[in-house]
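This report refers to the structure that appears directly beneath it.
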Amino acid sequence: MTVTRFAPSPTGYLHIGGLRTALFSWLTAQHDKGEFLLRIEDTDMARNSEEAKDAILKAFEWVGMSHDGEVVYQSKRFSLYTKYINQLLAEGKAYKCYMSKEELSILREEQMAKKERTRYDGRYRDFEGTAQEGVEPVIRIKAPQEGTISFKDGVKGEINIASSEVDDFVIARADGSPTYNFVVAIDDALMGLTQVIRGDDHLYNTPKQIVVYEALGLNIPDFYHVAMINNEQGKKLSKRDGATDVMDYKTMGYLPEALLNFLVRLGWSHGDQEIFSLAEMIALFEPQNINKSSSNYNLDKLLWLNAYYIKNSSDEALISLLKDFGVDLTANPKASVLLNATKERAKTLVELSAQIKLIAIAPTAYDEKSTKKAFKGEAKAILSTFADMLMLASPTSKEAYHSVMEKIVAEKEIGFGKIGMPLRVSLLGSMTGSGLDEIMFILGVEETIARIDKAIASIG
RNA sequence: GACCUUUUCAUCUAGUGGCCAAGGAUAUUACGUUUUCAACGUAAAAACAGAGGUUCAAAUCCUUUAGGGGUCGCCA
């Protein structure tokens with residue numbers, strides 16, 4: 001059975017790039033009807049935070065990617081790791097290293113000076129004398145000293161790294177706590193991972209982890225290293241490039257399905273298809289089709305997708321989503337018309353709520369440019385006549401409002417713009433926005449006339 | 001600096017030696033539609049990183065140069 005995982009360290013919020021790798025893993029598991037596990041990598045006690053962990057879990061909940069089984073915390077598995085460390089020590093596959101941090105940094109400086117890749121020189125690998133006093137040893141694993149470490153990456157193909165590039169790295173710190181590359185290999189194996197899908201910043205960790213798998217005789221999963229997401233200029237994505245926290249997208253009014261659709265198309269595609277429902281993604285996604293090259297983050301496409309998903313969301317869904325944006329349409333009998341009038345011109349829920357508020361709240365100011373253009377000549381007289389006609393007709397449908405407009409256009413022998421422009425400014429305060437007949441229907445006769453009167457009175 | 005990796009329109013991508021004088025999408029521009037703004041429709045503009053090779057034939061295979069990204073912790 002396919003088993004994949006996402007394994008964040010709880011040192012901050014869930015990053016947009018992290019969400020994409022998680023999505024790829026999640027989709028792989030769903031596609032194969034396997035399991036998607038979540039593991040919190042909290043071996044570094046100094047840097048972990050409970051809030052960060054909760055934030056990550058919350059982000060997963062928001063996008064609707066659920067994990068199977070219990071969340072695994074590495075901090076709760078230390079005794080397990082210690083057991084393996086002792087085993088390797090007993091088997092002579094790992095050893096205590098008494099090199100001090102100072103000595104290490106001197107070694108590094110020397111190597112830098114010689115323009116070499118910095119690495120531990122293995123000086124305690126076969127050490128048998130008496131340990132020097134005052135240095136608590138770290139434990140290093142014996143990595144192969146000759147040949148190459150090879151593995152097949154599902155994305156990048158065959159990867160060969162010379163053993164000389166991989167040193168005897170630390171598997172347990174001086175205080176006895178295990179390190180990242182050691183515990184990752186153990187957990188991935190013990191959790192039954194079949195495919196490890198992760199960012200390609202881990203590519204160089206893979207040979208190290210293979211050393212661990214082999215020393216412990218554990219099964220090696222298939223690896224898929226996904227290239228990073230960069231900013232639009234192709235540079236590393238940073239906070240300056242806009243939102244990197246997944247939850248920021250919620251507050252900015254994005255729908256989770258739009259975000260996931262956007263992310264799945266970064267580094268993956270299926271022919272010419274752009275829109276993928278969750279079900280389609282699951283049916284079509286296969287990790288072998290992930291692209292090798294890194295992709296650039298581009299907000300325009302996300303906005304377009306978000307607009308698409310807003311336009312195609314049901315009224316009920318939108319009403320529920322809008323509650324977080326200060327708009328409650330639950331009891332509004334005209335909610336459907338209101339949403340129809342607004343959802344085609346909103347790219348985000350923030351914009352949608354603004355559109356709705358624009359209609360719901362009478363304008364307190366009128367856009368200067370618009371008034372200048374709309375309120376010249378006969379405008380006030382036409383508006384006033386129109387108000388009278390509305391009163392008389394008291395329309396009760398969108399169409400009926402439209403008829404009144406048609407009537408005044410015919411009677412006064414004017415173009416639609418002559419009534420449309422000043423009316424729009426009166427109702428909304430500017431010359432952009434939804435259809436007038438819809439707006440008037442939503443407002444009702446009384447409010448429509450009130451806004452017209454107010455505009456006539458206050459526009460000089 | 002060493003090692004690994006990557007390179008098709010501004011951006012996401014299709015493309016696995018002939019279906020490619022390179023297709024789709026976003027963004028841009030124009031036109032249409034509309035009382036306005038959108039949405040929508042139609043159209044335009046826009047790329048195989050450079051240089052060598054292999055081949056009857058190269059975006060696709062090879063060599064090399066250049067650019068980008070990653071890694072070099074008792075962080076994860």
Side-chain angles (χ1 to χ4, degrees), chain A residues 7-11 41-44 46-48 74 97 99 101 104-105 108 111-120 136-140 153 155-157 159-162 164-167 169-175 177-181 183-184 199-207 225 227-228 230 232-236 262 265-275 291-305 307-308 311 342-347 355 370 373-374 405 409 415-425 428 430-437:
Chain A
S9 60
T11 51
E41 314 233 301
D42 51 357
T43 51
D44 185 4
R47 284 175 49 185
N48 297 333
Q74 290 186 322
C97 169
M99 195 172 182
K101 287 188 182 177
L104 239 186
S105 65
R108 286 206 184 103
Q111 287 167 333
M112 290 281 226
K114 282 190 269 179
K115 304 197 170 183
E116 287 171 2
R117 185 177 162 85
T118 57
R119 58 196 299 285
Y120 172 67
E136 277 301 315
V138 296
I139 306 203
R140 293 183 178 270
D153 188 279
V155 176
K156 312 240 183 210
I159 305 286
N160 301 301
I161 311 253
S164 58
E165 293 290 320
V166 181
D167 61 5
F169 59 95
V170 173
I171 58 172
R173 303 180 183 94
D175 67 1
S177 62
T179 60
Y180 175 76
N181 282 116
V183 299
V184 165
D200 73 357
D201 48 341
H202 287 288
L203 197 67
Y204 244 88
N205 287 326
T206 310
H225 286 99
M228 305 273 98
N230 296 324
E232 193 144 5
Q233 288 74 42
K235 300 287 180 189
K236 195 179 169 150
F262 170 70
R265 285 285 291 101
L266 247 37
W268 178 83
S269 61
H270 182 259
D272 288 340
Q273 189 168 344
E274 295 290 345
I275 305 286
N291 288 165
K292 292 169 175 224
S293 55
S294 57
S295 38
N296 294 0
Y297 173 90
N298 174 245
L299 194 67
D300 283 332
K301 195 122 180 193
L302 174 58
L303 277 168
W304 172 73
L305 280 164
Y308 174 88
K311 233 184 309 168
T342 49
K343 70 182 179 185
E344 290 214 332
R345 56 211 91 215
K347 285 190 180 346
Q355 289 279 342
S370 302
K373 197 167 174 201
M405 286 184 71
V409 165
F416 245 105
K418 284 270 188 254
I419 175 67
M421 287 195 292
L423 182 56
R424 178 173 297 283
V425 172
L428 300 179
S430 79
M431 278 216 294
T432 61
S434 313
L436 286 169
D437 40 9

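These numbers come from the heavy atoms of this one structure, side chains and all, not from hydrogens, waters or symmetry mates. Here is how names work: the chains are called A, B, and so on, in the same order as the sequence lines, proteins then strands, and each is numbered from 1. This is a predicted model, so every value here is computed, not measured.
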Any strand counts, and the cut-off is 3.5 Å on both contacts for Watson-Crick or G-U wobble. Which nucleotide pairs with [N]?
N      : value
C9(B)  : none
U16(B) : none
C61(B) : G53(B)
C74(B) : none
U42(B) : A30(B)

Taking atom [atom1] in both [N] and [M], compute the distance separating them and give it to the nearest angstrom.
N      : M      : atom1 : answer
U65(B) : U28(B) : P     : 41 Å
C20(B) : U29(B) : C1'   : 26 Å
C48(B) : A59(B) : P     : 11 Å
A27(B) : A10(B) : C1'   : 8 Å
C19(B) : A58(B) : C1'   : 15 Å
C31(B) : U13(B) : P     : 33 Å
U60(B) : U55(B) : C1'   : 13 Å
A45(B) : A25(B) : C1'   : 16 Å

Item checked: Distance, rounded to the nearest Å, where K343(A) contributes NZ and C40(B) contributes P -> 13 Å
Notebook entry, point to check: In whole angstroms, how far is the C1' atom of A27(B) from the OH atom of Y297(A)?
Noted result: 15 Å
Item checked: Residue of the set V138(A), N181(A), V183(A), I139(A) for which side-chain contact (heavy atoms from CB on, under 4.5 Å) holds with I171(A) -> I139(A)
Look at the side-chain N and O atoms of [X] and state whether any lies under 4.0 Å from the OP1 or OP2 oxygen of [N].
X       : N      : value
S295(A) : U13(B) : yes
S430(A) : U36(B) : no
K292(A) : U6(B)  : yes

Check: Closest heavy-atom contact between D42(A) and Q74(A)?
Finding: OD1-N, 3.1 Å
Next item on the list: For N181(A) and for R265(A), find the nucleotide of RNA chain B with the closest heavy atom, then tell me which residue's nucleotide is more 5'.
Entry: R265(A)
Note to self: Assuming nearest nucleotide by heavy-atom distance, tell me which of P178(A) and D437(A) is located more 5' along RNA chain B.
What the structure shows: D437(A)
Could you list all N or O pairs between the protein and nucleotides 70-72 of chain B that sit under 3.5 Å apart?
residue : atom : partner : partner atom : Å
U71(B)  : O2   : R117(A) : NH1          : 3.1
C72(B)  : O2'  : T118(A) : O            : 2.7
C72(B)  : O2'  : T118(A) : OG1          : 2.7

Notebook entry, point to check: Side chains of S177(A) and D175(A): donor-acceptor distance under 3.5 Å anywhere?
Noted result: yes
Can you pull every protein N or O that's under 3.5 Å from an N or O on nucleotides 37-39 of chain B?
residue : atom : partner : partner atom : Å
C37(B)  : O2   : R345(A) : NH1          : 2.8
C37(B)  : O2   : G433(A) : O            : 3.3
C37(B)  : N3   : R345(A) : NH1          : 2.3
C37(B)  : N3   : G433(A) : O            : 3.4
A38(B)  : O2'  : E344(A) : O            : 3.1
A39(B)  : O4'  : E344(A) : O            : 3.4
A39(B)  : O3'  : K311(A) : NZ           : 2.9

